[in-house]
Amino acid sequence: MKTKKIISVLLAGALAATAAISVSAAELTDNNPDGSTEVTARIEGGEPGAVSYIITIPDSVTFGNLTQPESEVDSYKYCNFQVEATKIDIKTTQTVSVFVKDGSEKTDGELYLTQKDVESPFSLNYDMYERSVNDENINNYTPMNKSGDSSEYGYHLSTFTAGTQGQAQDVTLALNQKALYGQDLNTIAGDYSGNLVFHSALRTL
């Protein structure tokens, strides 16, 4: 599975200039009109432009073929993937938070798949869980997009701290095919697509 990487750029080189003043400051007089002041600077080691973290997300995921249920009952299709902290090179006082939201222009906070290449497309909602979910436990959890806890960057998915390099967040997308019950398959048949927009943020505790 192809992956994309969310990268934050942190300049590792810091340059600062300060005037060093001795305990007994030098004085300029008519007898001693000249003097000098030392100007100092320091450059910390490391390559400028080095990234402090890399979060790896899937390039694409799929629910596969959807099926119209024979009755109006829950009939979930699941899609599982992980968001991985591929590189975490941050201070102990810092964290990397990952957020996600729907990439459509809709503003209701839901997640959508929309029929492609038709004049009046049919849309399907799906849910997102920050854990592994299946038919046995789905009723025990509230999907992220139903939590009501959203920011401009979307719903909080995970936070990685110093020392968590290599750890991964399980994610499950769940689409209830019950939404297809009673629909005209000739009208809604076709390919569907949508986008999840991820955002990462380096924060200080």
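- Looking at Tyr126 and Asn145, their side chains never bring a donor and an acceptor atom within 3.5 Å of each other.
- Looking only at distances, a side-chain donor or acceptor of Gln115 sits under 3.5 Å from a matching main-chain atom of Phe122.
- Remark: the backbone N or O of Arg131 is paired with a side-chain donor or acceptor of Thr172 at under 3.5 angstrom.
- Defined by atom type and a distance below 3.5 Å, a donor-acceptor pair is missing between the side-chain atoms of Thr142 and Ser147.
- Note: the hydrophobic cluster containing Ile138 does not contain Leu173 (ILVMFWY, side chain heavy atoms under 4.5 Å, direct or indirect links).
- Under the 3.5 Å distance criterion, the side-chain polar atoms of Gln177 are matched with a main-chain donor or acceptor of Thr67.
- Not one N or O on the side chain of Asp191 forms a donor-acceptor pair closer than 3.5 Å with the backbone of Lys116.
- In this structure, the side chain of Asn195 does not engage the main chain of Val197 through any donor-acceptor pair within 3.5 Å.
- Under the side chain to side chain contact (heavy atoms under 4.5 Å, CB included) rule, Lys91 has a single partner from Asp89, Thr95, Thr93, which is Thr93.
- The aromatic rings of Phe99 and His199 lie tilted to each other, with the angle between the two planes from 30° to 60°.
- Judged by the 6.0 Å and 45° rule, Lys106 forms a cation-pi pair with Tyr112.
- A donor-acceptor contact closer than 3.5 angstrom links the side chains of Ser104 and Asp102.
- Formation of a donor-acceptor pair under 3.5 Å by the Tyr155 side chain with backbone atoms of Gly109 is found in this model.
- Using a distance-only test at 3.5 Å, with no hydrogens or angles considered, a donor-acceptor pair links the side chain of Ser151 to the main chain of Gly154.
- The hydrophobic clustering, which links ILVMFWY residues whose side-chain heavy atoms are closer than 4.5 Å, places Val61 and Ile57 together.
- Ring pair Phe63/Tyr192: centre-to-centre distance not below 6.0 Å.
- Formation of a donor-acceptor pair under 3.5 Å by the Glu84 side chain with backbone atoms of Ala168 is not found in this model.
- Side-chain contact, Ser200 with Tyr53: a donor N or O sits under 3.5 Å from an acceptor N or O.
- Using a 4.0 Å cut-off between charged side-chain N and carboxylate O, Glu110 and Lys146 make a salt bridge.
- Using a 4.5 Å heavy-atom threshold, the side chains of Leu175 and Tyr76 count as separate.
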